[in-house]
Amino acid sequence: MPMTDNQSLRTPNDQSNGILLEVRDLSVDYYAVNGIVHAVKEVSFELRRGEILGLAGESGCGKSTLAYAISRLLRPPAYITGGQVLYHPRKPEKREATSHIVAVSDLSTGQSAHNGTAPASPLPSPETIDVLRLSPAQLRAFRWNEMAIVFQSAMNALNPVMTIGTQIMDVLKTHCPDMSAADRKERAAELLKLVGIAPDRLRSYPHELSGGMRQRAVIAIALALTPELIIMDEPTTALDVVVQREILDLISSLCREFSTALIFITHDLSLLLELADTIAVMYAGKMVEKASSREFYAHPRHPYSYGLLNSFPKLHGPIRRMAGIPGSPPDLRAVPAGCAFHPRCPFAWQPCQQLEPQLRPSTAETPRQLVACHLYDAHQRPEGPPSSAEFAARYEALAEGSAIV
Amino acid sequence: MRHLLRRILFYLFAAWAAITLNFLIPRLAPGDPAAVLLGNLQSRGIHVGSAYLKAIQAELGYNTGDPLPIQYLDYLNSLLHGNLGVAVTSSFEPVTNVIGRDIFWSLGLGLVSVILSFALGCLLGIVMAWKRGSLLDTILSPLLNFLSAIPYFWMALLILYIFGFELRWFPLTGGYDELNVDPGWTLDFIASVIYHGILPALTIVIASVAGWMLTMRNSMITTLSEDYVLMAKAKGLRTSRIMFAYAARNAILPNVAGFAISLGFIVGGQLLTEMVFSYPGIGYSLLQAVQNQDYSLMQGIFLVVALGVLGANFLAELSYTFLDPRVRLERSA
Amino acid sequence: MSLGKDLQHVATLEPETIPSTFPKKFPRRDSRLARLGENLRLVWRVLTSNRKVAIGSSIVAFFLLVAIFGPMLAPYDPTATSRLSETPPSAAHWLGTTATGQDIFSQLLYGTRSSVFWGFLTGLLVTLVSVVVGLVSGYFGGIIDEILSLVTNVFLVIPALPLAIVAVGYFPKGPLTIALVIILTNWSFNARLLRAQTLSMRSREFVTAARASGESVWRIIFFEIFPNEIGIVAAAFVSTVIFVLLAWTALEFLGLGDINTVSWGSMLYWAQQSDSIFSGLWWWFAPPGCCIALLGAALALINFGIDEIADPRLRSEVSEHVPKELKEKAVT
Ligand SMILES: Nc1ncnc2c1ncn2[C@@H]1O[C@H](COP(=O)(O)OP(=O)(O)OP(=O)(O)O)[C@@H](O)[C@H]1O
Ligand code: SF4
Ligand SMILES: [Mg+2]
């Protein structure tokens with residue numbers, strides 16, 4: 001995996017500077033009744049400890065599928081057809097140092113030695129965990145301890161017939177068998193306080209909470225074992241704007257506090273620009289651009305990213321027609337040859353229809369901004385990439401063209 | 001609390017409706033039941049004088065010349081005093097005595113079979129949904145579908161024929177061995193009761209288990225695709241915990257909610273089963289009542305069965321309230 | 001007799017949660033005829049597209065054919081007695097003979113006609129009552145709904161068979177009595193289902209529009225709303241026929257029907273009266289029960305298919321073309 005590195009906006013302490021997660025050439029297919037859907041195609045990226053990666057893209061481009069694949073939650077008819085997910089756990093001694101809130105059972109040695117009931121499931125190597133190869137028992141030990149996931153709708157993610165408290169304590173009971181019932185309760189209350197819910201809500205059922213409170217409760221559950229990585233799949237979509245903002249602030253402050261790495265999935269790029277260190281854009285199952293938020297905001301390289309970014313009204317600058325990107329994403333059962341974006345791309349020219357562009361450094365000035373587009377390939381386009389002004393002009397022309405139709 | 005109160009009121013109303021139906025049906029019917037009864041008795045060589053006919057008519061509440069409302073009040077009054085008339089088939093014994101004797105047999109058989117079939121059905125449904133597409137699922141699903149369409153009494157005939165007549169593993173009739181065992185709390189008697197009860201119970205369980213199972217399977221499949229089950233999996237919980245506490249715990253709700261309707265059918269089926277096995281429960285008495293046009297007994301049995309089913313439904317609803325926090329209205333506020 | 005429970009979970013839901021499963025599959029458009037046509041076409045598509053539905057309907061069609069043409073093919077008069085009593089199945093009597101020497105195969109053919117005819121006719125009438133009560137109750141709401149719902153719920157919890165036995169016992173024996181009693185005791189379940197559905201449809205645009213344009217209430221109910229519920233009504237009819245068949249044969253088995261007509265139920269009645277079991281005459285009581293079970297299972301199969309169509313999650317996954325090594329690797 002060459003040079004898929006980028007400068008984090010924050011200056012994290014050295015301990016969290018290592019690579020946490022490597023995804024290599026991950027592909028997922030849905031074997032649906034009416035054909036095979038290539039929902040994720042050879043996606044590779046790296047995530048550092050404590051980094052917030054925002055994953056954006058239109059509906060149906062495979063964001064959720066990617067998230068589920070990483071966490072091994074895909075269900076038939078979805079199958080991982082290739083690739084690797086490598087996870088680098090913290091060194092045992094370092095882990096101990098950070099697990100100040102709960103005694104997380106040591107994953108690399110399998111379980112806490114003094115507990116006989118926990119499944120004997122040592123994870124393969126303390127250095128690297130090959131997530132896709134974990135046995136079911138190892139997977140259970142890995143889950144939530146290291147990687148937690150938050151789903152789109154909190155109402156659906158909470159068991160309606162179980163109190164919030166029980167749902168938090170369930171995690172503690174499974175993963176920290178040494179904890180006493182009183183400790184579990186105390187920890188659960190502490191977690192609720194952390195996300196801004198009164199601890200007496202432990203005894204509440206999900207339907208007794210408001211939408212925002214439910215999402216907070218889900219986040220509390222996600223934090224229960226202070227995992228290294230949380231994946232959030234559109235955690236705020238179902239909420240109204242004000243609550244959305246509160247939840248986002250909560251997420252961002254908590255992640256920074258615990259230096260938890262975060263993969264945050266959303267349609268809403270403007271939201272990512274604030275929250276994320278790094279932004280990755282997906283189109284038709286492929287990652288088409290990955291850059292730090294600052295670079296991405298300053299100069300989106302991929303024509304699709306540009307269109308996406310400019311489909312949000314800007315507060316400053318000239319008023320332009322906000323048509324977004326004309327056309328709609330392709331059917332993932334029959335993705336156009338070459339660059340999948342070419343039917344909608346204002347720059348598309350001959351090589352785009354034949355050659356599939358690969359993710360690579362965009363320009364010499366921004367080597368960490370990766371893009372998959374022939375515009376940045378010196379062989380295909382010797383005159384160099386287009387300027388910002390040219391992007392704007394092409395899109396405007398496209399918008400006018402589609403407006404007539 | 002308000003929810004509970006409403007349900008209590010509803011069941012009281014339903015009980016009143018059953019009682020009133022019981023009163024109205026004979027009076028809407030053409031002809032004179034008392035005369036039918038008399039003819040019936042005479043044809044069996046039992047001669048009754050006209051004075052007795054009057055008494056029977058009064059007892060049955062027909063042709064008394066009183067206006068309907070008065071009859072109705074009389075009827076309610078005698079109900080209140082536990083008077084359901086006399087059973088002709090059982091040499092003019094009070095109906096309450098007949099039912100009182102039979103009811104324990106029926107209750108015992110019914111309770112055991114319903115509990116067994118509910119538990120078995122739910123468990124099978126859970127496993128089949130969990131191991132969906134497995135051999136168990138692909139074989140059992142269509143088989144149970146077929147079983148569920150078999151009438152109880154025919155299932156009873158078949159089971160009786162195979163295990164009673166052909167194989168001679170089990171007795172053909174009765175609730176216990178009347179020749180060799182005396183009723184009482186003796187080991188012999190209990191063993192005999194169980195031995196005689198196995199085939200009827202088996203019939204009811206086989207005929208009703210499919211309903212529970214198929215509902216449970218479908219509901220479980222739907223529940224398994226819920227996010228909270230996926231989240232439970234992502235939490236790294238044990239499989240049994242996910243299966244029961246997260247999935248089955250929710251999936252069972254439709255089965256409990258549908259308990260009322262299912263129970264009505266199972267009880268009907270049980271009556272038929274008792275008839276085929278000559279089991280000494282109220283079903284068998286009902287058969288004799290039907291064959292001998294013993295109206296008082298028929299009506300008495302209907303009333304008891306209806307009230308029993310209503311009571312059981314109320315209990316099922318109470319347990320539903322307990323199982324589903326969302327209907328515990330008094331908590332949310 | 002706990003069939004049709006596949007619909008139960010729908011019925012027990014709150015009204016507002018029901019539309020999420022059904023209406024998607026039973027869409028509505030504005031022109032009345034077009035909507036009815038579309039719904040009927042949908043029913044047809046359902047009949048042909050789903051394997052369960054296809055198998056079930058084929059079996060049902062077979063029984064319908066036997067009901068129509070069977071008696072013409074019967075080798076004997078079903079009621080004619082002969083000296084050949086209690087003979088096991090043979091070339092001359094495919095299904096053997098009864099205690100009085102009647103040919104059981106011929107009885108079965110005639111019995112199919114009677115049982116299928118009355119089963120479907122009564123099923124239709126039961127469904128009709130459910131539709132009227134359900135739609136009126138759901139559409140009007142208010143006090144009318146309160147009362148109708150109360151009555152519906154009461155009939156739902158009073159055990160049907162005992163009530164039917166008592167009611168039939170008082171009236172003249174015959175198919176009409178049984179039909180009426182079965183209607184009385186079986187309408188409530190689908191009435192509740194349709195009430196919930198109608199309730200959710202009451203505020204749809206096309207109903208509001210019809211109301212605004214001054215259409216009469218009855219036209220709205222039966223020409224605007226009803227066509228949109230054709231799919232559910234069809235499913236309800238199918239499950240109703242199962243219940244009706246079971247109830248009908250049970251009553252006949254008890255001798256409460258006309259014991260002199262030949263039907264599945266009366267065949268079982270006579271078999272039971274002659275203690276066929278204790279003489280080992282399995283060929284007497286087995287065939288009618290098999291027919292009931294087969295027809296009932298076919299109808300149930302149709303309903304499972306409809307359920308799968310309405311809720312795609314129930315469909316079995318098509319993973320035949322998934323490479324084997326992927327399936328083996330996929331442990332979650
Ligand atoms: N069960 C399934 N069977 C077949 N195809 C599926 C299935 N689930 C998802 N897909 C397809 O896989 C693709 C990716 O879906 P995914 O849910 O990952 O998209 P997404 O980017 O998360 O979209 P959204 O933003 O709407 O959540 C979609 O094109 C979808 O059509
Ligand atoms: S490769 Fe071609 S079609 Fe694809 S985004 Fe770049 S310019 Fe557009
Ligand atoms: Mg998604």
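Letters A, B, ... are given to chains in the order of the sequence lines, protein chains preceding strands, and every chain is numbered from 1. Since this is a predicted model, take the numbers as computed values, not measurements.
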Discussion item. Asp233(A): which residues meet the salt bridge (charged side-chain N to carboxylate O under 4.0 Å, His left out) condition with it, sequence neighbours left out?
Written reply: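 Not a single residue meets the salt bridge (charged side-chain N to carboxylate O under 4.0 Å, His left out) criterion with Asp233(A).
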
Worksheet entry | Ala247(B) portion near chain A, given a 4.5 angstrom heavy-atom threshold |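 Ala247(B) has no heavy atom closer than 4.5 Å to chain A.
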
Fill in: Side chain / backbone / both / neither for Leu224(B) at chain A, heavy atoms under 4.5 Å
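For Leu224(B), the contact with chain A is made by the backbone alone.
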
Can you tell me how far the [atom1] atom of [X] sits from the [atom2] atom of [Y], to the nearest 0.5 Å?
| X | Y | atom1 | atom2 | result |
| --- | --- | --- | --- | --- |
| Ile242(B) | Thr174(A) | CD1 | OG1 | 9.0 Å |
| His175(A) | Lys235(B) | NE2 | NZ | 9.0 Å |
| Glu226(B) | Leu158(A) | CD | CG | 12.0 Å |
| Met231(B) | Ile221(A) | CE | CD1 | 4.0 Å |

Discussion item. Looking at Asp170(A) and Arg241(B), is any side-chain nitrogen of the basic one under 4.0 Å from a carboxylate oxygen of the acidic one?
Written reply: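 A salt bridge is present here (some side-chain N lies under 4.0 Å from a carboxylate O).
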
Fill in: Asn22(B): partners by side chain to side chain contact (heavy atoms under 4.5 Å, CB included), with sequence neighbours left out
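By the side chain to side chain contact (heavy atoms under 4.5 Å, CB included) rule, Asn22(B) matches Tyr75(B), Gln299(B), Phe302(B), Leu303(B).
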
Practice prompt. Answer with side chain, backbone, both or neither: which region of Ala157(A) has an atom nearer than 4.5 Å to a non-hydrogen atom of chain B?
Written response: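 Contact with chain B is through both the backbone and side chain of Ala157(A).
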
Worksheet item: Is chain B contacted by the side chain of Ile149(A), its backbone, both, or neither, given a heavy-atom distance below 4.5 Å?
Response: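 Ile149(A) touches chain B through backbone and side-chain heavy atoms alike.
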
Practice prompt. Measure across Asn250(B) and Asn159(A) and return the closest heavy-atom pair with its distance rounded to 0.1 Å.
Written response: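 Here Asn250(B) and Asn159(A) meet closest at ND2-OD1, 2.7 Å.
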
Discussion item. Show me the pairs that pass side chain to side chain donor-acceptor pair (under 3.5 Å) and involve residues 209-220 of chain A, at least two apart or across chains.
Written reply: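 Found Arg216(A)-Glu246(A).
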
Fill in: Within residues 8-15 of chain B, residues adjacent to chain A where the heavy-atom gap is under 4.5 Å
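Expected list: none.
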
